[in-house]
Amino acid sequence: MRRRGPEASWLFLLNHTGSAQRVPTAGIDLLTGAVVEDAVTLPAGGVAVVRERAGA
C-alpha cells in the first residue's frame with residue numbers, strides 16, 4: 001500500500017509469501033533506519049515502511 005502526502009510518500013510492505021521478495025523503491029526504511037537505494041528485500045513474513053524519495 002502506498003500513501004502520498006503533499007511532501008512525501010510512504011510505502012507499506014508486508015510479505016505474506018514463504019520466500020524473500022524484492023520490491024523496487026528508494027528512500028528510508030522507517031523501521032530500521034536503513035537507506036534504501038534501489039530496492040528493499042523482505043524475508044518471508046517480513047515488513048517494511050519506506051518513506052520514499054521523490055521520483056521513487
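Qualifying side chain to side chain contact (heavy atoms under 4.5 Å, CB included) partners for A8, counting only residues two or more places apart in sequence or in other chains: W10, R51.
Listed here is the closest heavy atom pair of A48 and V40: CB-CG2, 4.4 Å.
Pairs of residues two or more places apart, or lying in two chains, never qualify as salt bridge (Lys or Arg N to Asp or Glu O under 4.0 Å) while including a residue from residues 27-36.
Here the CZ atom belonging to R22 is positioned 5.5 Å from the OG1 atom belonging to T41, to the nearest 0.5 angstrom.
Residues L30 and I28 form a side-chain contact, since some pair of their non-hydrogen atoms from C-beta on lies under 4.5 Å apart. The side-chain heavy atoms of V47 and L13, taken from C-beta on, include no pair separated by under 4.5 Å. The side-chain heavy atoms of L11 and V23, taken from C-beta on, include a pair separated by under 4.5 Å.
Connection of L42 to F12 is not established within any shared hydrophobic cluster, with ILVMFWY side chains joined at heavy-atom distances below 4.5 Å, either directly or through further cluster members.
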